[in-house]
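Scroll down for the structure; my scribbles are underneath it.
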Amino acid sequence: MSLKVYKFGGASVKDASHIYNVSNILTKDKGDQIFVIVSAIGKTTNALEIVFQKYIEEGKEGFLNGMVEILDAHLDEADKLKLDSAKLQSKLEVIINDCLVNLERAIKINKSAVYDQIVSMGELFSTNLLSAYLQSKDLRVAWVDLRKIIATDDNFQEGCVDIQQVEKNVNDHIKPLFENVDFVIGQGFIGSAPNGLTTTLGREGSDYSAALMAYGLGVDTLTIWKDVPGVLTADPRRFENVEKLDRMSYKEAIEMTYYGAQVIHPKTIRPLQNRGISLHVKSFIDPKGEGTIISQDGLLNYPPLVVIQDDMILMHISSKDFSFIAENHLSQIFSVLNANQIKLGTMRNSAISFAICVKNPGQEKLANLINDLGQNFSLDMYKNLQLITVRYFNKQLIENLTKNKVVLFDERMKYTIQLVVRPSLELIEKEG
Ligand code: ASP
């Protein structure tokens, strides 16, 4: 008998038929014990972001109205799975009421705290639905509230995890559960701050939750089930002829995810690497497929790996008085970026200007960033760009990737090239 950790993302539990598929995957190997991390179903997290806006604009009324549709969607799937939906409904209503209580405290802190109380409900809902279904199949299942296990600081929307505390909590509260059950179901993406309010780990953070559980439980393998056959050389929605990699090293995976590859959350690798836990990326559509194994040893030679990020902004930051951009300016710029929680895609320094390429953080955050940087620097900004990163590039590939595009900026390292491009040949319009 072996203990495993599986993670199922939103697409793999998006409706009744997918939940049925998940239960088949879980029960495939008789005798296994599995800790299951689950994301919110389908696009629930996006829907909850809208509820958050409604709460900000209309208060409790807006929140409750917004929740009706989300609650109904979960109950509809419960009906299709022939579950006792009245029972599930009362559980989900308790979650909604608890959220209202937390909101009264969160609103006094900041908008990010409010966001986390609301947006975290997707995972609480989905795990209740999945465990109700597994229980209806007479499986030995426990549902856990992982907020009690994943201890974070109070950096809402991007909680920083206290891994030692997580390990202790897992030893004290999760391991003993496996004496009586075969499956323990917990939420991805969420944790709690020292003051007891819910935190989230950043969008798509459920992979990271799964890695933390794998670390705490000391398993050999974490399996992340996805709608692709494994780690691919590029996004199949953008390119034909993508290849699946059979193996990949932790180092390569961390590089790829750092550059924006969406296959796994960038924070996932570190806890796994620290304990030598291999990460298996497999398809829930074709569970027999080999998938990709990410571990200490990868491939000797990698094919070119392409990552494209849209909605990027290129900003030239220069001194107002034509003085050099020296170390003191750079440290000022970085502390503004850090304070505004802006993640850098790429950057380059020249004598009087520092260029950064960042993901558009949304209107409000961007306005704050411009305001903060504008105190001491002049700014030029170009929006709606793409950042193309290629590991193990070759000339021909770069030519193909930049065909009909305007290259505004390129940065070459030994194995990696990054290109900031305008997706068409239209005249570049300067903004800001
Ligand atoms: N549900 C969250 C999101 O959509 C977390 C996750 O799925 O990883 O970002």
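Ligands are counted one by one from 1 in listed order, and the atoms in each one are counted from 1 as well.
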Say whether G9 and ligand 1 are in contact under the criterion: heavy-atom distance to a ligand atom below 4.0 Å. no
Ligand 1 atoms in contact with R203 (distance to a heavy atom under 4.0 Å): 3 (C), 4 (O), 9 (O)
So, regarding D207 and ligand 1 (criterion: nitrogen or oxygen to nitrogen or oxygen, under 3.5 Å), is there a contact or not? no
If you draw a 6.0 Å radius around CD in Q262, do more than 12 non-hydrogen atoms from other residues or ligands fall strictly inside? no
Nearest neighbour in protein (non-hydrogen) for atom 6 (C) of ligand 1: S206 OG, 3.2 Å
Under the side chain to side chain contact (heavy atoms under 4.5 Å, CB included) rule, collect the residues that match up with Q386, sequence neighbours excluded. R238, I308, D310, I388, K405, V421, P423
Starting from atom 7 (O) of ligand 1, locate the nearest protein heavy atom and write down its residue, its atom name and how far away it is, to 0.1 Å. S39 OG, 3.0 Å
I'd like to know if K343 and E158 make a salt bridge, using a cut-off of under 4.0 Å between side-chain N and carboxylate O. yes
Looking at ligand 1, does any of its N/O atoms fall within less than 3.5 Å of an N/O of E204? yes
Looking at D76 and K80, is there a salt bridge between them, counting it only when a charged N and a carboxylate O are closer than 4.0 Å? no
Which atoms of ligand 1 have any heavy atom of F189 under 4.0 Å away? 2 (C), 5 (C)
Run the contact test for E123 against ligand 1 with a 4.0 Å cut-off on heavy atoms, strictly below, and give the result. yes
D286 bridged to K288 by N-O distance under 4.0 Å: no
Establish, yes or no, whether the cationic atom of R391 lies under 6.0 Å from the six-membered ring centre of Y259 and within 45° of the ring axis. no
